[in-house]
Structure formats: structure tokens, C-alpha cells
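This report refers to the structure that appears directly beneath it.
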Amino acid sequence: MATAWGVKENVELAHAEAVQSYVRGLTDSIIELEDGTKVTFLKGDVKIKPDQAILIYRYVIK
């Protein structure tokens with residue numbers, strides 16, 4: 001298996017719960033990027049704190 005990549009991105013607090021729900025539903029999905037590369041979305045979540053929200057997700061390039 002290829003190396004898994006991890007990504008952290010800031011999310012607007014107003015959208016944090018919607019993003020969290022969406023990325024949790026992507027677990028084990030195969031996603032095609034704009035350049036045609038296919039990746040397997042391993043897991044994702046949004047850590048919500050009083051002053052910020054951070055999207056964290058992991059994927060593997062196929």
C-alpha cells in the first residue's frame with residue numbers, strides 16, 4: 001500500500017458541523033481529483049474548539 005497523506009485545513013466555524021458530517025461519510029470512498037488522480041479517502045473529522053475548527057483527513061493515492 002502507498003503512504004497515507006494527512007492534511008489539516010481551517011474551516012469556518014459556521015460551517016464546521018456540516019463539513020464534519022460530510023467528511024465522516026467519505027470514509028473508504030474512492031475520489032477522483034481534478035487532475036484525474038484517484039485517491040482512497042481513509043478518514044476525516046473536524047475538531048471544533050470555541051475559537052476555531054480544523055478539518056483533518058487522511059488519504060492514499062491509488
Side-chain angles (χ1 to χ4, degrees):
M1 181 185 272
T3 302
W5 296 86
V7 180
K8 288 184 181 180
E9 296 287 337
N10 289 325
V11 175
E12 293 287 332
L13 280 171
H15 304 291
E17 289 182 14
V19 172
Q20 184 178 53
S21 176
Y22 179 75
V23 297
R24 285 181 177 175
L26 291 177
T27 301
D28 295 326
S29 296
I30 296 174
I31 300 169
E32 186 169 343
L33 305 179
E34 290 178 8
D35 67 358
T37 303
K38 291 188 179 180
V39 301
T40 300
F41 189 92
L42 300 176
K43 63 181 177 177
D45 203 358
V46 176
K47 294 198 179 211
I48 302 172
K49 299 181 179 181
D51 61 337
Q52 67 177 356
I54 301 171
L55 167 63
I56 301 171
Y57 60 96
R58 294 178 60 81
Y59 66 92
V60 174
I61 298 172
K62 297 202 82 138

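The model shown is predicted, which means the values in this text are computed figures rather than measured ones.
One distance of note links OH of Tyr59 with OG1 of Thr37; it measures 9.5 Å at 0.5 Å rounding. The distance from atom CG of Leu55 to atom CD of Gln20, rounded to the nearest 0.5 Å, is 10.0 Å. Atom CD1 of residue Ile31 and atom NZ of residue Lys62 lie 11.5 Å apart, to the nearest 0.5 angstrom. To the nearest 0.5 angstrom, Ile61 atom CD1 is 14.0 Å from Lys38 atom NZ.
Looking at Val19, Ile54, Ile48 one by one, the single match for side-chain contact (heavy atoms from CB on, under 4.5 Å) with Val11 turns out to be Val19.
There is a path of hydrophobic side-chain contacts, each under 4.5 Å, that joins Val39 to Trp5.
Heavy-atom minimum distance, Leu42 versus Ala4: CD1-CB, 3.8 Å.
For residues 25-53, the ring pair (Phe, Tyr, Trp, His ring centres under 6.0 Å) pairs, not counting sequence neighbours, are Phe41-Tyr57.
The environment of CD in Glu17 is sparse: at most 12 heavy-atom neighbours from other residues, nucleotides or ligands sit within 6.0 Å. More than 12 heavy atoms of other residues, nucleotides or ligands sit less than 6.0 Å from atom CD of Glu32.
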Quiz: residues 22-30 side-chain donor-acceptor pairs under 3.5 angstrom, not counting sequence neighbours:
unit_1, atom_1, unit_2, atom_2, d
Arg24, NE, Asp45, OD1, 3.2
Arg24, NH2, Asp45, OD1, 3.2
Arg24, NH2, Asp45, OD2, 3.4
Thr27, OG1, Arg24, O, 3.2
Ser29, OG, Leu26, O, 2.9

